[in-house]
Each structure stands twice: as structure tokens, then as C-alpha cells.
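To keep things clear, I will list the structure first and then write my remarks on it.
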Amino acid sequence: MTRLLLLILLLPLGAHAASEAPLDRAPIETTDTASIQRGAQVFVNYCLNCHSAQYMRYNRLTDVGLTEQQIENNLMFAASKVGDTMTVALPAKTAAQWFGVAPPDLTVIARSRGADWLYSYLRGFYRDDARTIGWNNTVFPNVGMPHVLWELQGQQVLEVTEHEGAHGKERVQTLELAQPGTMSPTEYDRLVADLVNYLVYMGEPARAQRMQMGYGVLLGLAVLFVLVYLLKKEYWKDIH
Ligand code: HEC
């Protein structure tokens, strides 16, 4: 019985384990609201034209310290009211014709893929002339999405080298920056981290409040413990 329970508890961990390329850890701080704000800006500028986030309302961003006016002025191109959800102008059918697959909704993508996967994916695009879209990806081989941030990152190429490893010949894939973009690699990594931080926030906007509430409950229990302990001492005083 306990073993079964343990198995059920561990199941979600296994789901993330399978992956093509080793992932880089996403350097994000989920309490950093300035980073989430920058990420939201990148998201509406570069992702929302193809992907929707239809379970996310613009005005929810007041959570991370933006005013409704700031949201309207800086983030809303596709919507008219601040209470609207982040839908997309491009119809799914047209998108499927263009890219072969419809770009999925990204509201909860961070929950299914995880932050590290997203961080690695958005830095893993490289030039591949064998593909009609001209791009490929180390984390998502033969992906249907073009590298929409290439002007910022520049163009990477894939270098495959072989060398003798512990288990015979090993193929090592590395990405080389063949042509620099408008950002340095460090700046680009920072931008992607902010974007991923936003995607993580969007997957669970109430996370910060939930954590705060959790600490509150623990504190309450601690106080209760002291009171109950004193009460117990009081009750047993005459018996011992
Ligand atoms: C030009 C349209 C377009 C733009 C712009 C775009 N994407 Fe995509 N994206 C796609 C398509 C098409 C797919 C589906 C790829 C596939 O399944 O092969 C996709 C897939 C993805 C996936 C993988 C989803 C999954 O788990 O299968 C993620 C994550 C993603 N996009 C994130 C982003 C982010 C973040 C941005 C903004 C920086 C962005 N995309 C901008 C078209 C786009």
C-alpha cells in the first residue's frame, strides 16, 4: 500500500525525465517581478502573433506590479479591453497551413515542459538548410517553429564532433554562433530567462499568493503548537 502511494507520488517526476538533449538550468527567480514584466513584453512582441495564451487575462498582470494603464499602453496590441484574454489574430487553420502544425496555446506550457526545457529550447535554434523553414532545434528536433528571435541572438550552426569516450565513440553536439545578432550571448540569455520567467508565472499566476498563504498557515500552526503545549502542561500539572 505504501509502495503504491510512493509510486503515485513520484509519477510526475518521471514525466520530465525523457528528453533529447541535456537541458540548461533556467536562471530564473519567480519572485522577481521586474523580470516577469520584461518577459511579458517579449511575449506580446514576439510570441503572441502566432501563439495564444487564452487562459491569461491582461489585467492579471497587475499581480506583478503593472498598472492597468501601463498594461494598456505597453502590452496590448491584439486586444481592446484590459480584461480580455491573450488571444491571437491568426486563425489556427491558417497557421496549420503555414507551419504544418498549429502553434499550441502557451498559457500552461511551463507546467508541461518545465522551465529548463523552455530555456534550452529558446536558445537551441540553429540554421538548417535541409528544412523548408530554414531552422532546426537541438531540444526539439525538426520543430515546425521558425527562430523568431534570430535577429537578437544571431545565427547558430550545429557542430558535430566525434571523440573516444568511456563507451566507445561519442557524438558531441555543440552550437556555434556563426553570425552574431544585435544582442551579446549574455544579453540574449537574460532575455530568454525573463521570457521563461513570464511563462512560468503565466502557468500559475497565483503562485506567489499561494506561497505567502502557505507561510501564513505554517506560522499559525507554530503559534497553535505553543499554545496547545502550554495547555497540556497546565492540565497535567497536578498528575505528575
Ligand atoms: C511564426 C509563428 C510563431 C511564432 C512567432 C512563435 N512560435 Fe512558437 N511555435 C510555432 C509553431 C508552428 C509551433 C509548433 C511546432 C511543432 O510542433 O513542430 C511552435 C511551438 C512552440 C513551442 C513548443 C510547444 C510544444 O510543447 O510542443 C514553444 C514552447 C513555443 N513555440 C514557444 C514560443 C515562444 C516563447 C515564442 C515567442 C518568443 C514563440 N513560440 C513564437 C510558431 C511560432
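Order of appearance sets the numbers: ligands from 1, and atoms from 1 within every ligand. Nothing fancy with the numbering, it's 1 onward along the sequence. Only this structure's heavy atoms are used, side chains among them; waters, hydrogens and symmetry mates stay out. Just so it is clear, the model here is predicted, and its values are computed rather than measured.
- With a 4.0 Å heavy-atom cut-off, ligand 1 is reached by no atom of F43.
- The pair E234-K237 meets the salt-bridge criterion, with a side-chain N (NZ, NE, NH1 or NH2) lying under 4.0 Å from an Asp/Glu carboxylate O.
- When heavy-atom distances to ligand 1 are checked against a 4.0 Å cut-off, V42 has no atom that comes that close, whether in backbone or side chain.
- Atom 8 (Fe) of ligand 1 has no N, O or S atom of C47 closer than 2.8 Å.
- For the pair S52 (side chain) and V88 (backbone), a donor-acceptor distance under 3.5 Å is absent.
- The ligand atoms of ligand 1 that sit less than 4.0 angstrom from a heavy atom of F99 are 1 (C), 2 (C), 12 (C).
- Ligand 1 places these atoms under 4.0 Å from at least one heavy atom of L106: 32 (C), 33 (C).
- Against a heavy-atom cut-off of under 4.0 Å, R113 is close to the following atoms of ligand 1: 25 (C), 26 (O), 27 (O).
- Among protein heavy atoms, the minimum distance from atom 9 (N) of ligand 1 is reached at H51 NE2, 2.7 Å.
- Residue-ligand proximity, C50 to ligand 1, at heavy-atom distances under 4.0 Å covers atoms 1 (C), 2 (C), 3 (C), 4 (C), 5 (C), 43 (C).
- Contacts between V148 and ligand 1 below 4.0 angstrom, taking non-hydrogen atoms only, involve the side chain exclusively.
- For atom 15 (C) of ligand 1, the closest non-hydrogen atom of the protein is G144 N, 3.5 Å.
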